[in-house]
> 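One structure coming up, written as structure tokens, with questions to follow.
In the text below, chain A, chain B and the rest are named by the order of the sequence lines, each starting its count at 1. What you see below is based on every heavy atom in this structure, not just the backbone, and it leaves out hydrogens, waters and symmetry mates.
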Amino acid sequence: MFFGRAILQDGHPLLMLIESCKTLRQAYQIHAQTVVNGLHIHLYSLSKIFSLFALFGCSESLDHSRLILSRTDVPNVFMWNTMIRAHSRQELHGKAVLLYPSMIAQARALPNHFTFTFVFSSCARLPTPVPGFQIYGHVIKRGLESDTIVMNAFIHFCCGFGDLHSAQKVFEESPVRDLVSFNTMISGLAQGRKPHAALSLFTVMTRSGLMPDHFTFVALSSACSGLNNYRLAKQIHNLVYMYFGFVDCGRSAHLVGSVMDMYLKCGEMEMAEKVFNTLENVKSAAALSCMVSGYARAGKVELARQIFDQVDEKDTVLWTAIISGYSQAGQYTEALSLYKEMEASGIKPDKITMVAVLSACAGLGALTFGQRVYNQCLKKRLYGQDVILITAIVDMYAKCGKIHAALEIFHGVPNYQRTTHLFNAVISGLAQHGHGKIAVLVFEEMEAAKVSPDEITFTGLLYACSHSGLVEEGRSLFKSISQMHGINPQMKHYCCMVDLFGRKGNLDEAYKFIQAMPFEANSVIWRSFLSSCKLYGDVEMGRIASTKLLEMEPDHGARYVLLSNILASTKQWEEAGKVRKVMEERGIQKPSGWSYIELLDGTIHQFPASNYKLHPQKEEIASKLGEVNGRLRAAGYAPSTVDVVFDVDEEEKEMIVSYHSERLALAFGLLNSGPGEVLRIMKNLRICSDCHLVFKLLSRAYKREIIVRDTTRFHHFKNGLCSCKDFW
DNA sequence: ATAGGGTTAG
């Protein structure tokens with residue numbers, strides 16, 4: 001044996017060997033030697049050997065240390081503490097915390113302040129705060145509550161669960177507060193979105209004579225990053241200069257990165273860029289990800305992409321930042337194709353990546369892709385641990401037309417995980433699907449669960465009411481926004497109300513409502529009012545609305561279209577033609593429509609209006625369209641051309657409507673799907689009334705369920721009827 | 001004891 005002799009003479013060389021031990025094999029040899037030499041009887045040597053295994057860093061060594069511990073009659077505090085720390089390091093936080101009761105049940109060794117420090121750091125990572133608070137009871141029993149190290153660990157634990165109240169109480173009652181106490185508390189306030197409290201605590205800290213360090217400023221800049229206050233950001237940056245001079249970026253990359261992120265989150269791109277450039281060649285992965293998401297948030301996806309492309313070793317966070325950037329910019333297809341690239345490059349997505357991908361699927365209405373991602377979440381056991389991920393999945397199902405799947409998942413979510421966001425996603429989903437009454441019921445559930453609604457909740461609810469014709473419910477909900485919930489109704493809420501009254505044909509009430517608003521109605525409100533006027537053929541009111549709109553936005557295409565529609569529908573062709581002409585003269589075009597459909601294999605096929613000639617299956621599509629028209633005639637269909645604004649002859653109008661993009665997508669869908677398969681079509685404009693009728697007829701003629709998502713809502717066509725009950 | 005990426009509506 002390579003060290004046998006030395007041990008016989010003295011124990012210390014063995015300890016030196018332990019310190020230089022590099023491989024697990026050597027560790028086993030050393031352990032065997034101590035047994036051979038009888039050294040393992042001495043608790044001191046045994047503890048050393050034990051900690052070598054416990055902290056070695058792999059599960060095999062940890063198992064071995066467990067074995068040693070179980071064979072030790074009276075393990076000392078050091079051994080227990082080491083064991084707790086070892087589990088904590090290997091992310092086995094539940095087991096780490098459970099070691100504490102075994103320790104106090106068995107040992108004569110009393111827990112000391114190290115014990116509590118280690119236990120609290122694991123408690124902070126558990127799904128529930130309960131064990132941590134129980135253990136705090138023991139801290140008090142042992143009289144360790146004034147121990148600064150234990151207190152700091154406990155504050156950290158409380159902040160991790162957002163329990164700032166307990167954290168502050170302990171902090172304030174503590175006799176000795178050191179730099180770490182202040183840093184921990186400031187950082188907790190920052191995480192808990194209490195930036196002002198964080199700032200004032202910083203003042204308290206400096207007044208009490210403590211010198212802030214890098215940790216302090218990292219916490220402070222993250223506190224202020226949500227304030228959107230450029231002057232404050234600059235002040236903090238100045239303080240950093242004041243305390244540390246021009247920071248050495250190599251050593252203070254964390255701090256510099258935090259300051260940069262603060263500027264990014266304030267939208268101060270120029271300052272952020274300046275700071276970014278000072279990082280020169282020590283740009284950390286964190287700094288790069290910050291820049292990518294910062295540019296994306298500022299709407300500069302292309303710049304974000306440039307940074308992303310320059311990074312050689314892209315990690316999960318960076319990939320997620322760019323995917324989410326594209327998704328937020330509405331470039332869903334690009335987001336999904338980047339996700340495929342990420343998978344191909346072998347970087348593992350985590351739950352945040354999944355959220356970004358799911359939100360792209362939702363935006364696109366890509367059900368097959370979305371379901372695949374959901375299954376991956378289940379397989380990787382990502383599902384269930386995170387509320388935002390659940391929200392993203394619920395939203396994906398709702399926006400892909402599967403509102404029942406969305407509800408099923410929602411119902412499986414326990415009350416404590418139900419957040420405002422989650423309720424909002426469900427309520428808006430129900431609204432989009434025209435389930436107004438259920439939306440109101442879910443809202444009641446929300447109130448019962450004491451989850452506070454916000455302005456988005458009410459937007460969804462009022463939207464739901466207006467799409468289901470629930471005038472009374474809408475009226476009382478609107479009143480409750482300010483009276484019961486202390487939220488000032490915003491323009492979008494007024495907009496929903498005008499829509500609600502208008503859709504029901506209460507044009508007078510809608511008009512009065514607009515006049516009684518506390519602020520000037522915007523163009524969206526007038527446009528909504530105008531379209532109700534059109535629906536009910538009220539030319540007089542319509543004129544008022546279009547005059548208003550003309551003042552507000554002379555160049556908006558939709559207004560001309562609506563005005564000429566309203567005139568055309570009452571056969572005032574000449575006037576309608578004039579409007580059309582003005583529109584043409586000013587070079588304003590009606591936005592062009594396009595639709596797309598996803599096949600079961602997950603491929604997405606897009607069709608612009610009147611143009612399928614570029615599609616490889618153009619001939620089949622043409623003949624399918626012919627067949628479809630035949631079926632329609634057999635069902636007694638006469639094309640409705642109310643929505644065609646041109647004053648052309650009937651035959652030509654018929655041509656125009658029969659090539660609407662949703663029809664092309666439908667013909668393609670019928671060609672490429674099995675019998676009985678549901679067809680899901682997405683459209684960038686509202687579905688026209690003629691296509692709506694056609695889809696109803698076709699759902700019966702072909703015995704197919706057809707789901708159309710247009711800009712405002714879902715239409716489920718089944719057996720000759722539509723879920724919107726022709727009210728949209 | 002530090003830092004980076006995420007959800008709803010419009």
> Taking the inter-plane angle between the rings of A:Phe157 and A:Phe120 on a 0 to 90° scale, is it parallel (under 30°), tilted (30 to 60°) or perpendicular (over 60°)?
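Correct class here is tilted.
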> Salt bridge between A:Arg305 and A:Glu334, side-chain N to carboxylate O under 4.0 Å?
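Yes.
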> Touch check for A:Ser222, heavy atoms < 4.0 angstrom, all strands: base, sugar-phosphate only, or nothing?
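Counting heavy atoms under 4.0 Å across all strands, no contact is made by A:Ser222.
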> So where does chain A start and stop touching DNA chain B, 5' to 3', when the test is distance under 4.0 Å to a non-hydrogen atom?
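Contact boundaries, 5' end first: B:dA1 to B:dG10.
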> Checking all strands, does A:Asp350 fall into the base, sugar-phosphate, or nothing category for heavy-atom contacts under 4.0 angstrom?
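Base, at least one base heavy atom under 4.0 Å.
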> Counting any heavy atom closer than 4.0 Å, what does A:His156 reach on the DNA or RNA strands: base, sugar-phosphate only, or nothing?
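Sugar-phosphate: the residue A:His156, judged by heavy atoms under 4.0 Å, touches backbone atoms but no base.
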> Look at the aromatic rings of A:Phe154 and A:Tyr136 and report parallel, tilted or perpendicular, splitting at 30° and 60°.
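Parallel, since the angle between the ring planes stays under 30°.
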> Indicate, with a heavy-atom threshold strictly under 4.0 Å, whether A:Ala356 touches base, sugar-phosphate, or nothing.
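It contacts nothing in the nucleic acid.
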> Answer with base, sugar-phosphate or nothing: what part of the nucleic acid does A:Lys283 contact at a heavy-atom distance below 4.0 Å?
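Contact class for A:Lys283: none.
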> Which part of the nucleic acid, if any, lies within reach of A:Asn522 when heavy atoms closer than 4.0 Å are counted: base, sugar-phosphate only, or nothing?
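If one applies the 4.0 Å heavy-atom cut-off, A:Asn522 turns out to touch nothing in the nucleic acid.
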> So what does A:Asp261 touch, heavy atoms closer than 4.0 Å: a base, only the sugar-phosphate, or nothing?
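Here A:Asp261 touches the backbone only, sparing every base.
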> Under 4.0 Å between any heavy atoms, over every strand shown, what does A:Asn183 touch: base, sugar-phosphate, or nothing? Just pick one.
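Here A:Asn183 touches the bases of the nucleic acid.
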> Within the 4.0 Å heavy-atom criterion, would you say A:Lys399 contacts the bases, only the backbone, or no part of the nucleic acid?
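It contacts sugar-phosphate atoms only.
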> For A:Gln328, which contact category applies under a 4.0 Å heavy-atom criterion: base, sugar-phosphate, or nothing?
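Sugar-phosphate, backbone atoms only, no base.
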> For A:Thr184, which contact category applies under a 4.0 Å heavy-atom criterion: base, sugar-phosphate, or nothing?
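If one applies the 4.0 Å heavy-atom cut-off, A:Thr184 turns out to touch nothing in the nucleic acid.
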> Checking A:Phe308 against A:Tyr326 for the ring pair (Phe, Tyr, Trp, His ring centres under 6.0 Å) test, could you report, in this order, the C-alpha distance in whole Å, the side-chain angles of both residues, the deciding distance, and whether it holds?
CA-CA 12 Å; A:Phe308 173 82; A:Tyr326 275 110; 8.6 Å; no
> What pairs with A:Gln432 under side-chain contact (heavy atoms from CB on, under 4.5 Å), at least two apart in sequence or on another chain?
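If we apply the side-chain contact (heavy atoms from CB on, under 4.5 Å) test to A:Gln432, skipping adjacent residues, the hits are A:Lys399, A:Phe714.
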> Run the salt-bridge test on A:Lys300 and A:Glu273 with the 4.0 Å N-O cut-off and return the result as yes or no.
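A salt bridge is absent here (no side-chain N lies under 4.0 Å from a carboxylate O).
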> Once you apply a heavy-atom cut-off of 4.0 Å, does A:Leu389 come out as touching a base, just sugar-phosphate, or nothing?
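Base, at least one base heavy atom under 4.0 Å.
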> Parallel under 30°, tilted from 30 to 60°, perpendicular over 60°: which one fits the rings of A:Phe244 and A:Phe217?
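Perpendicular: the ring planes of A:Phe244 and A:Phe217 meet at over 60°.
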> Regarding A:Thr420, tell me which of base, sugar-phosphate or nothing describes its non-hydrogen contacts under 4.0 Å with the strands shown.
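Counting heavy atoms under 4.0 Å across all strands, no contact is made by A:Thr420.
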